[in-house]
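One structure below.
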Amino acid sequence: MKTRILAFFASGALAVAPTLAQIPNGGFENWTTVDSYQDPDNWITMNSSTAFSGTYSCEEGTPGAVGNAFAKVTSRQLVPDQPASTVPGILISGDATTGIGGFPYTDRPEALNGSWQYGMQDNDAGSIAVFFSKWNVDTQTSDPVGTGTAAITGSLTSWQTFSIPITYVSELDPDSVAIVIFSSTGVAVDSSYVWVDNLTFGAAATTGIDEAGPAMAMEIYP
């Protein structure tokens, strides 16, 4: 049976509440055990949908680039000898209990900064994206305020810092932000991975990185 897993950004389902100063659990130090797997606190993964196969596309890694832990996001083939069963590793900031992506935030930072390692299989690419929005009481939807997206190709086998510049499309201050990490953005290829740690908002680095086109709406199916 085809089951819709996540569909946040088109529906304007970001939570609105008092501002948080930084990214909740942006260093991935805190994890909670759920049945047979662990999920990072304040983040949503695909693990609950793939646990039936004993396969987990987001796992805790140690030690981190900063601190004790980091998040390993990996594309996984669920059924042996069936490449079409491969699903991307997905990590979205938000509340795993309610399934609502994003968290309250009202600043306008220059960039999403952090540390990463990655390994993309042939003909695959990953991405990290950040979406700022503000709730529109008239239309009852979230209006885009700013976005930043980085395409990930090739491999990087040691920790390196990154800085994703944020482009603002509105003069409004946001009330919510969501961060989305994919280990595959097209047809998922088994074993492509992105490792991330120490995510923060702040000033943009002097050396930028390649940006991908914006993707302000998405629906994801296993």
Side-chain angles (χ1 to χ4, degrees), residues 15 17-48 50-51 55-76 88-97 100-107 109-120 126-132 148-152 154-166 176-184 191-209:
T19 302
L20 297 177
Q22 265 298 346
I23 299 169
N25 198 27
F28 301 100
E29 294 297 297
N30 302 311
W31 294 70
T32 296
T33 300
V34 183
D35 297 326
S36 59
Y37 59 90
Q38 287 188 312
D39 272 345
D41 295 354
N42 304 111
W43 293 85
I44 301 169
T45 77
M46 289 280 285
N47 285 339
S48 63
T50 62
T55 302
Y56 310 110
S57 59
C58 181
E59 299 172 295
E60 180 182 7
T62 58
V66 177
N68 295 320
F70 65 94
K72 303 166 67 174
V73 185
T74 310
S75 299
R76 298 292 193 187
I90 302 171
L91 186 59
I92 301 176
S93 59
D95 186 335
T97 301
I100 295 176
F103 56 92
Y105 199 82
T106 60
D107 291 336
E110 293 181 2
L112 172 65
N113 301 316
S115 298
W116 62 9
Q117 297 186 48
Y118 49 83
M120 294 295 110
S127 71
I128 298 178
V130 57
F131 305 95
F132 291 81
T149 308
I152 303 171
S155 63
L156 180 66
T157 57
S158 61
W159 287 113
Q160 185 176 92
T161 58
F162 66 84
S163 185
I164 302 174
I166 298 164
S176 299
V177 60
I179 300 168
V180 185
I181 300 166
F182 282 94
S183 58
S184 296
S191 299
S192 286
Y193 69 86
V194 181
W195 296 356
V196 288
D197 195 12
N198 196 35
L199 297 179
T200 61
F201 290 129
T206 55
T207 301
I209 59 178

Discussion item. Let me confirm one number: the CG-CD distance from Asn30 to Gln38, rounded to the nearest 0.5 Å.
Written reply: 11.0 Å
Worksheet item: Quick one: CD1 on Ile23 to CG on Asn42, what's the gap to the nearest 0.5 Å?
Response: 11.0 Å
Worksheet item: How far apart are the closest heavy atoms of Phe70 and Gly64, and which atoms are they?
Response: CD2-CA, 3.8 Å
Worksheet entry | Distance (rounded to the nearest 0.5 Å) between Lys72 NZ and Leu91 CG | 14.0 Å
Worksheet entry | Non-hydrogen atoms of Gln22 and Thr200 that approach each other most closely | OE1-CA, 3.7 Å
Item to complete: Give the intermediate values and the outcome of side chain to side chain donor-acceptor pair (under 3.5 Å) for residues Tyr56 and Thr45.
Response: CA-CA 9 Å; Tyr56 310 110; Thr45 77; over 6 Å; no
Fill in: Inter-residue atom distance Ile100.CD1 - Ser93.OG, 0.5 Å rounding
12.5 Å
Practice prompt. Please confirm whether the backbone N or O of Thr161 pairs with a side-chain atom of Asn113, one donor and one acceptor, at under 3.5 Å?
Written response: no
Fill in: Minimum side-chain heavy-atom gap Leu199-Phe162 below 4.5 Å
yes
Worksheet entry | Exercise: identify the closest heavy-atom pair between Ser36 and Ala51 | OG-CB, 4.3 Å
Item to complete: Assign the ring pair Tyr193 / Trp195 to parallel, tilted or perpendicular, where the plane angle (0 to 90°) is split at 30° and 60°.
Response: tilted
Practice prompt. Report yes or no: does Thr50 contribute a side-chain atom to a donor-acceptor pair with the main-chain N or O of Thr55 at less than 3.5 Å?
Written response: yes
Item to complete: Could you tell me whether a side-chain N or O of Asp197 sits under 3.5 Å from a main-chain N or O of Val66, the two making a donor and an acceptor?
Response: yes
Discussion item. Measuring from atom CD1 of Ile164 to atom CD1 of Ile128, what distance do you get when rounded to the nearest 0.5 angstrom?
Written reply: 5.0 Å
Discussion item. Counting only heavy atoms not in Asp41 (residues, nucleotides, ligands), do more than 12 fall under 6.0 Å from its CG?
Written reply: yes
Worksheet item: Which pair of heavy atoms, one from Ala204 and one from Ala111, lies closest together, and at what distance?
Response: CA-CB, 3.6 Å
Worksheet item: Is the Trp31 ring parallel, tilted or perpendicular to the Phe28 ring (thresholds 30°, 60°)?
Response: tilted
Worksheet entry | Closest approach of Thr149 to Ala129 (non-hydrogen atoms, all atoms of both residues) | OG1-CB, 3.7 Å
Worksheet item: Parallel, tilted or perpendicular: which describes the rings of Phe201 and Tyr105, with under 30° parallel and over 60° perpendicular?
Response: tilted
Discussion item. Does any part of the side chain of Asp39, heavy atoms only, come nearer than 4.5 Å to the side chain of Thr32, both counted from C-beta?
Written reply: no
Practice prompt. Hey, could you give me the CG/CZ distance between Leu112 and Phe131, rounded to the nearest 0.5 Å?
Written response: 11.5 Å
Worksheet item: Quick one: does Asn47's side chain get under 4.5 Å of Ser57's, heavy atoms only?
Response: yes
Worksheet entry | Listed once per pair and sorted, the salt bridge (charged side-chain N to carboxylate O under 4.0 Å, His left out) pairs that draw on residues 55-65, sequence neighbours left out | Glu59-Arg76
Worksheet item: For Ser183 and Ser192, does a side-chain donor sit closer than 3.5 Å to a side-chain acceptor?
Response: no
Discussion item. Within the structure provided, determine whether Ile181 and Cys58 are in side-chain contact (heavy-atom separation under 4.5 Å).
Written reply: no
Discussion item. Keeping Asn25 on the side-chain end and Glu29 on the backbone end, is there a donor-acceptor pair under 3.5 Å?
Written reply: yes
Discussion item. When you compare the side chain of Val34 with that of Ser48, does any pair of heavy atoms fall below 4.5 Å?
Written reply: no
